[in-house]
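Before any comments, here is the structure.
In listed order, ligands and their atoms are each counted from 1. All residue numbers refer to positions in the sequence shown, counting from 1.
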Amino acid sequence: MSVTLDLSRPAPAATSPVNLAGLTRAELAGALVEAGVVKPEKARMRASQLWRWIHHYGLTDFAAMTDVAKETRAALAQTFTLARPEVVERQVSKDGTRKWLIRTAPGVEIETVYIPDVGRAGALCVSSQVGCTLNCTFCHTGTQALVRNLTAAEIVAQVQIARDDLSEWPSPKEDRRLSNIVFMGMGEPLYNLDNVAAAIDIIADGEGIAISRRRITVSTSGVVSQLTALGEKTQAMLAISLHATNDPLRDVLVPLNRKHPIADLMAAIRAYPGLSNARRVTFEYVMLKDVNDSPAEARALVQLLKGIPAKINLIPFNPWPGTQYECSDWATIETFAAVLNKAGYASPIRTPRGRDILAACGQLKSESEKLRASARRKLATA
Ligand code: SAH
Ligand code: SF4
């Protein structure tokens, strides 16, 4: 059983057509039969055929499916849709980072960020929830009220929209610009595990988008009870937002720690399915000035990770209006990194990307929401 919170809004009106682009293979076959478009004995074959058009070629129009009979295409178009959600805003940073504000339903807006030169070629940072319930004190997303969990379709749509924008259809075998997926956008993916797992099944399918599970990383603040299920259901790479090496401090930074203290978290990580030197856990550590950035804490981190196949990502804190924290000085971060390097962990500082378009870690959605609100206020007073 997963700890999925019941955050769903009322389902879309029964009259709105089902979007086939967000269904798993089994759901796709089921939908075709249920709608009477395909006979049960032909369902798997027809679903495979459609799957390639939708997920390998990225089609959004049934009419272009040239090997499907005309009458079937018409029947499909009458009953279903392949339309993408609306891209409300698209921004490109001077460092090449791209950010899309996507409206998936009235009042439901999420942000997705593409970061070039991360991972093998470029990584897409996807959101799993609108907002977050966990209130980590350094994270802006945590100060927003949660609207709801995203559906699998809404998670997959973020990848499809990035692929549209990067002109990566049909799904290229080599030289991809979008090579990695990281669940590091808005939300806590392990509070929405069923939908995250279904989305990963779709994204990783070899006859479609085909991003291998080894290139998909799920980041969690430490929902210990769901770690094994994550590994078993998704075989995704694991990232842990650690940020502190002792419970009193982590209790403050990541309040979920009060429920799942560090010792329990480390035990669950050691048991993560498939962990090996080739499949290491990434530990994320946000650098907060005079809070968690001393050399003693770097040494404590090395001690804590002993025996775990691990990589460390030091994340310079991205400030936001009203925060009580500051980013550590560069020299302090380098000293911290040097301790880790000496212990055998390579190049761990994550350069902030896309700060000029508010696309960096912890800046998502909230800022654009605020900017739009201030624009609205200006209009109102004009
Ligand atoms: N909820 C999940 C995934 C989304 S957060 C998690 O917490 O792991 C993605 C990463 O950005 C996390 O490591 C988070 O701690 C970090 N982060 C959040 N706010 C930040 C900020 N203001 N500056 C730098 N990193 C931040
Ligand atoms: Fe939620 Fe992650 Fe932000 Fe914590 S760091 S509030 S878990 S999005």
Side-chain angles (χ1 to χ4, degrees), residues 3 5 7 110-113 115 118 123-150 155 158 180-193 196 216-224 226-227 230 236-244 249-260 265 268-269 281-289 291-293 311-328 333 348-355 358-367 370:
V3 202
L5 306 176
L7 302 164
I110 46 176
E111 286 194 335
T112 307
V113 179
I115 315 151
V118 167
L124 190 72
C125 181
V126 298
S127 296
S128 56
Q129 298 182 306
V130 184
C132 187
T133 47
L134 284 174
N135 302 320
C136 299
T137 44
F138 55 87
C139 175
H140 206 180
T141 307
T143 66
Q144 289 179 246
L146 177 72
V147 178
R148 68 159 166 81
N149 280 337
L150 295 180
I155 296 170
Q158 297 173 62
N180 294 64
I181 305 277
V182 293
F183 282 81
M184 294 184 186
M186 298 160 58
E188 170 48 59
L190 296 202
Y191 277 173
N192 189 18
L193 182 55
V196 165
I216 300 178
T217 302
V218 176
S219 174
T220 177
S221 56
V223 185
V224 166
Q226 294 297 296
L227 277 193
L230 171 71
M237 304 298 286
L238 177 64
I240 299 286
S241 295
L242 191 64
H243 310 314
L249 179 58
R250 197 164 191 271
D251 283 350
V252 174
L253 298 180
V254 184
L256 182 67
N257 196 69
R258 291 181 216 143
K259 191 167 166 203
H260 300 299
L265 177 58
I269 294 167
V281 181
T282 301
F283 285 89
E284 296 159 279
Y285 196 97
V286 64
M287 297 301 294
L288 302 169
K289 188 176 187 164
V291 173
N292 64 354
D293 59 355
K311 293 186 267 194
I312 303 165
N313 252 326
L314 297 183
I315 316 175
F317 171 63
N318 289 306
W320 38 273
T323 180
Q324 52 176 318
Y325 298 109
E326 285 175 66
C327 183
S328 309
I333 300 181
I349 307 173
R350 190 194 285 174
T351 338
R353 301 293 296 272
R355 269 189 177 172
L358 303 164
C361 296
Q363 293 185 316
L364 291 191
K365 170 77 189 272
S366 35
E367 280 296 325
K370 233 175 50 74

- Under 4.0 Å from a heavy atom of Asn318: give me the atoms of ligand 1 that qualify, with their elements. 21 (C), 22 (N), 23 (N), 24 (C)
- Just need the protein heavy atom nearest to atom 2 (Fe) of ligand 2, so name the residue and atom and give the distance. Gly187 O, 4.5 Å
- Message: Below 4.0 Å, non-hydrogen atoms only: which portion of Val254 touches ligand 2? Side chain, backbone, both or neither.
- Response: neither
- Query: For ligand 1, is any non-hydrogen atom under 4.0 Å from Thr323's backbone (N, CA, C, O), its side chain (CB onward), both, or neither?
  - Reply: neither
- Message: If the cut-off is 4.0 Å to any non-hydrogen atom of Cys139, which atoms of ligand 1 fall inside it?
- Response: 18 (C), 19 (N)
- Item | Atom of Leu314, atom of Met287 and distance for their closest heavy-atom approach | CD2-SD, 4.0 Å
- Between the OG atom in Ser127 and the CZ atom in Phe183, the distance rounded to the nearest 0.5 Å is 10.0 Å
- Report yes if Gly187 has an N/O atom closer than 3.5 Å to an N/O atom of ligand 1; otherwise report no. yes
- Task: Answer with yes or no whether Cys132 contacts ligand 1, where contact means a heavy atom under 4.0 Å from a ligand atom.
- Result: no
- Query: Given that the side chain starts at C-beta and the backbone is N, CA, C, O, which of these parts of Phe138 lies under 4.0 Å from ligand 1, counting heavy atoms, or is it both or neither?
  - Reply: both
- Query: Is the closest heavy-atom distance from Trp320 to ligand 1 below 4.0 Å?
  - Reply: yes
- Item | Value rounded to 0.5 Å, distance of CD1 in Ile312 from OG1 in Thr282 | 10.0 Å
- Should you measure from each heavy atom of Glu188, which atoms of ligand 1 turn up under 4.0 Å away? 1 (N), 2 (C)
- Message: I'd like to check atom 7 (S) of ligand 2 in this structure: does the protein have a heavy atom lying under 4.0 Å from it?
- Response: yes
- Message: Is it the case that ligand 1 has an N or O less than 3.5 angstrom from some N or O of His243?
- Response: yes
- Note on the structure: Correct closest heavy-atom pair for Pro189 and Val218 would be CB-CG1, 3.7 Å
- Residue Asn135 vicinity, atoms of ligand 2 by number, heavy atom under 4.0 Å: 6 (S)
- Query: Which pair of heavy atoms, one from Gly187 and one from Ser128, lies closest together, and at what distance?
  - Reply: C-OG, 3.7 Å
- Message: For Trp320 versus Thr137, what's the shortest heavy-atom pair and its separation?
- Response: CZ2-O, 3.7 Å
- Answer side chain, backbone, both or neither: which part of Glu284 comes under 4.0 Å from ligand 1, heavy atoms only. side chain
- Closest heavy-atom pair and its distance - Asn180, Val118: OD1-O, 4.3 Å
- Query: How long is the span from the OG1 atom in Thr112 to the CE atom in Met186, to the nearest 0.5 Å?
  - Reply: 9.5 Å
- Item | Under-4.0 Å heavy-atom contact with ligand 1, by part of Val286 that carries it | side chain
- Working to the nearest 0.5 Å, report the span between CG of Leu249 and CG of Leu288. 8.5 Å
- Looking only at protein heavy atoms, what sits closest to atom 3 (Fe) of ligand 2 is Cys139 SG, 2.4 Å
- If we number the atoms of ligand 1 from 1 as shown, the ones under 4.0 Å from a heavy atom of Thr220 are 6 (C), 8 (O)
- Task: Apply side chain to side chain contact (heavy atoms under 4.5 Å, CB included) to the pair Tyr325 and Leu253, showing each step before the final yes or no.
- Result: CA-CA 11 Å; Tyr325 298 109; Leu253 298 180; 3.4 Å; yes
- Query: Can an N, O or S atom be found in Cys136 less than 2.8 Å away from atom 4 (Fe) of ligand 2?
  - Reply: yes
- With atoms numbered from 1 as shown, which atoms in ligand 2 lie under 4.0 angstrom from a non-hydrogen atom of Ser221? 7 (S)
- Note on the structure: Separation between CG (Asn313) and CD1 (Ile240), nearest 0.5 Å, reads 13.0 Å
- Note on the structure: Heavy-atom proximity to atom 12 (C) of ligand 1 ranks first, among Cys125, Gly185, Ser241, for Ser241
- Item | CA sep, side-chain torsions, deciding dist, call: Thr220, Glu188, side-chain hydrogen bond (donor to acceptor under 3.5 Å, both in side chains) | CA-CA 6 Å; Thr220 177; Glu188 170 48 59; 2.9 Å; yes
- Task: Pull out every atom of ligand 2 sitting under 4.0 Å from any heavy atom of Cys132, numbered as shown with elements.
- Result: 1 (Fe), 6 (S), 7 (S), 8 (S)
- Message: List ligand 2 atoms under 4.0 Å from Leu134, heavy atoms only on the residue side.
- Response: 7 (S)
- Between Lys289 and Ser328, the two heavy atoms sitting closest are N-OG, 3.4 Å
